Engineer: 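I am attaching a structure below and will ask some questions about it afterwards.
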Amino acid sequence: MSEPDSDKVDLRSEIPRFRPAAPPPSFGEFVENMRRLQDLAVCVDATDEVYQQARDRAAELVELLAPYAAREGKGPANRSMDLPGRGSLLMPPFHVEKFDEESVVARGVLRRYHLGGGGVAHGGVLPLIFDDNFGNVVYAAKRPISRTAYLHVNYRKVTPLDVPLIIEGKVDRVEGRKTFITARLTEEDGTLLADGEGLMVQLLPGQP
Ligand SMILES: CCCCCCCCCCCCCC(=O)SCCNC(=O)CCNC(=O)[C@H](O)C(C)(C)COP(=O)(O)OP(=O)(O)OC[C@H]1O[C@@H](n2cnc3c(N)ncnc32)[C@H](O)[C@@H]1OP(=O)(O)O
């Protein structure tokens, strides 16, 4: 019989255990510089000479970092709870401010990197924010490990960039393996930008 893998969340699931990271001191600034770089990469209008230099410096950075690529759950990205977006470049830079069984609240801004068109956020970024909130709600409500079965977002108003945003999500109801979650994305003054509803389904033994 094979040994249980202590990195798995439990024997029912292939999902790695979530362990918060204690990142090295420079990691947060590294991530913020990378975010700034992403903002610039999608907005600069430069000469070919500038792009050549940028290409070469990016290649140097790749060469520096490539030897340290690690498996999921090992590096600090996505697990650094004190950093915006848990230190993951995939995640918009939101900070969780409330995390309990009643609700999960996170606050952050969308930046130039998240631009869709007409000066406002890309619509596809919002489901990412909602999905992450739903995942947090499941954890905070101490529901079993689950995956998103569906996610519905109602876009009520365009979502501005560089303006503080707040998402609050909570469990609406539980039906057996199913956790239904609702959430609202607002500006600080309460202006509703989008609301969403999702179904998180508890995984069965062996489900990835
Ligand atoms: C300190 C801690 C901090 C934590 C921070 C970390 C946060 C990280 C956050 C990251 C978060 C990221 C999170 C992510 O992004 S998770 C990634 C995105 N999601 C997926 O990839 C999921 C892919 N799908 C599946 O794996 C399966 O389909 C699942 C597991 C969902 C269900 O397949 P399974 O074969 O197991 O179940 P079933 O089909 O018998 O269905 C079971 C029940 O559910 C009902 N049903 C199913 N689908 C739908 C549907 N679409 N609409 C309505 N109902 C639906 C179905 O009718 C049935 O109901 P009932 O007949 O029993 O009444």
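Just so it is clear, the model here is predicted, and its values are computed rather than measured. Order of appearance sets the numbers: ligands from 1, and atoms from 1 within every ligand. Basis for what follows: all heavy atoms, side chains included, without hydrogens, waters or symmetry-related copies.
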Engineer: Using a strict 4.0 Å threshold on nitrogen-to-oxygen distance, state whether Glu72 and Lys74 make a salt bridge.
Structural biologist: no
Engineer: Please work out whether any backbone atom (N, CA, C, O) or any side-chain heavy atom from C-beta onward of Asp131 is under 4.0 Å from ligand 1, and answer side chain, backbone, both or neither.
Structural biologist: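 Both backbone and side chain.
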Engineer: Verify the contact flag for atom 9 (C) of ligand 1, where contact means a protein heavy atom under 4.0 Å away.
Structural biologist: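 Yes; the ligand atom in question has protein heavy-atom contact below 4.0 Å.
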Engineer: Salt bridge check, Arg184 against Glu168: does any charged N sit closer than 4.0 Å to a carboxylate O?
Structural biologist: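 Between Arg184 and Glu168 there is no salt bridge, as every charged N stays at least 4.0 Å from the carboxylate O atoms.
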Engineer: Which of the numbered atoms in ligand 1 are below 4.0 angstrom from a heavy atom of Leu203?
Structural biologist: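 Numbered from 1, ligand 1 contributes 30 (C).
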Engineer: Return yes when at least one protein heavy atom is under 4.0 Å from atom 61 (O) of ligand 1, and no when none is.
Structural biologist: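 No, because not a single protein heavy atom sits under 4.0 Å from atom 61 (O) of ligand 1.
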Engineer: Counting heavy atoms only, which of Met81, His152, Glu175, Lys178 comes nearest to atom 3 (C) of ligand 1?
Structural biologist: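 Going through Met81, His152, Glu175, Lys178 one by one, Met81 has the nearest heavy atom to atom 3 (C) of ligand 1.
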Engineer: At a 4.0 Å threshold, what atoms of ligand 1 neighbour a non-hydrogen atom of Leu199?
Structural biologist: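 Reading through ligand 1 atom by atom, the close ones are 46 (N), 49 (C), 53 (C), 54 (N), 55 (C).
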Engineer: Kindly state if atom 30 (C) of ligand 1 has a protein heavy atom within a strict 4.0 Å cut-off, that is, under 4.0 Å?
Structural biologist: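 Yes, there is a protein heavy atom closer to it than 4.0 Å.
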Engineer: Is Arg111 salt-bridged to Asp39, cutoff N-O under 4.0 Å?
Structural biologist: yes
Engineer: Would you say atom 24 (N) of ligand 1 has a protein heavy atom nearer than 4.0 Å?
Structural biologist: no
Engineer: If you count the atoms of ligand 1 from 1 in the order shown, which ones are under 4.0 Å from a heavy atom of Gln207?
Structural biologist: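 What qualifies from ligand 1 is 30 (C), 33 (O), 34 (P), 35 (O), 36 (O).
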Engineer: Step through the shown structure and confirm whether more than 12 heavy atoms of other residues, nucleotides or ligands are within 6.0 Å of CG on Asn154.
Structural biologist: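 More than 12 heavy atoms, drawn from other residues, nucleotides or ligands, come within 6.0 Å of this atom.
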Engineer: Does the protein put a heavy atom under 4.0 Å from atom 55 (C) of ligand 1?
Structural biologist: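 Under 4.0 Å from atom 55 (C) of ligand 1, at least one protein heavy atom found.
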Engineer: Under 4.0 Å from atom 35 (O) of ligand 1, is there at least one protein heavy atom?
Structural biologist: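 Within 4.0 Å: yes, protein heavy atom nearby.
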Engineer: If I compare all heavy atoms of Arg112 with all of Val42, which pair ends up nearest, and what's the gap?
Structural biologist: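 The answer is O-CG2, 3.8 Å.
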Engineer: Considering Leu128, Asp132, Thr148 one by one, which has a heavy atom nearer to atom 13 (C) of ligand 1 than any of the others?
Structural biologist: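 Shortest heavy-atom distance from atom 13 (C) of ligand 1: Thr148.
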Engineer: Just need the protein heavy atom nearest to atom 48 (N) of ligand 1, so name the residue and atom and give the distance.
Structural biologist: Ala149 CB, 3.5 Å
Engineer: Once you round to the nearest 0.5 Å, how far does CG of Asp131 lie from CE of Met91?
Structural biologist: 8.0 Å
Engineer: Do the charged groups of Lys157 and Glu187 touch, with an N to O distance under 4.0 Å?
Structural biologist: no
Engineer: Write out the residue and atom name of the closest protein heavy atom to atom 2 (C) of ligand 1, then the distance separating them to 0.1 Å.
Structural biologist: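 So the nearest neighbour among protein heavy atoms is Tyr139 CD2, 3.7 Å.
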Engineer: Looking at Lys170 and Glu102, is any side-chain nitrogen of the basic one under 4.0 Å from a carboxylate oxygen of the acidic one?
Structural biologist: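 No, this pair does not count.
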Engineer: Using protein heavy atoms only, decide if any is under 4.0 Å from atom 52 (N) of ligand 1.
Structural biologist: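 At least one protein heavy atom is under 4.0 Å away.
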Engineer: Would you indicate which of Arg177, Met91, Arg19 comes nearest to atom 40 (O) of ligand 1 when only heavy atoms are counted?
Structural biologist: Arg177
Engineer: At a 4.0 Å threshold, what atoms of ligand 1 neighbour a non-hydrogen atom of Gly135?
Structural biologist: 9 (C), 11 (C)
Engineer: Which of parallel (below 30°), tilted (30 to 60°) and perpendicular (above 60°) describes Phe30 and Phe27?
Structural biologist: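 Tilted.
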Engineer: Are the charged groups of Asp132 and Arg86 less than 4.0 angstrom apart, N to O?
Structural biologist: yes
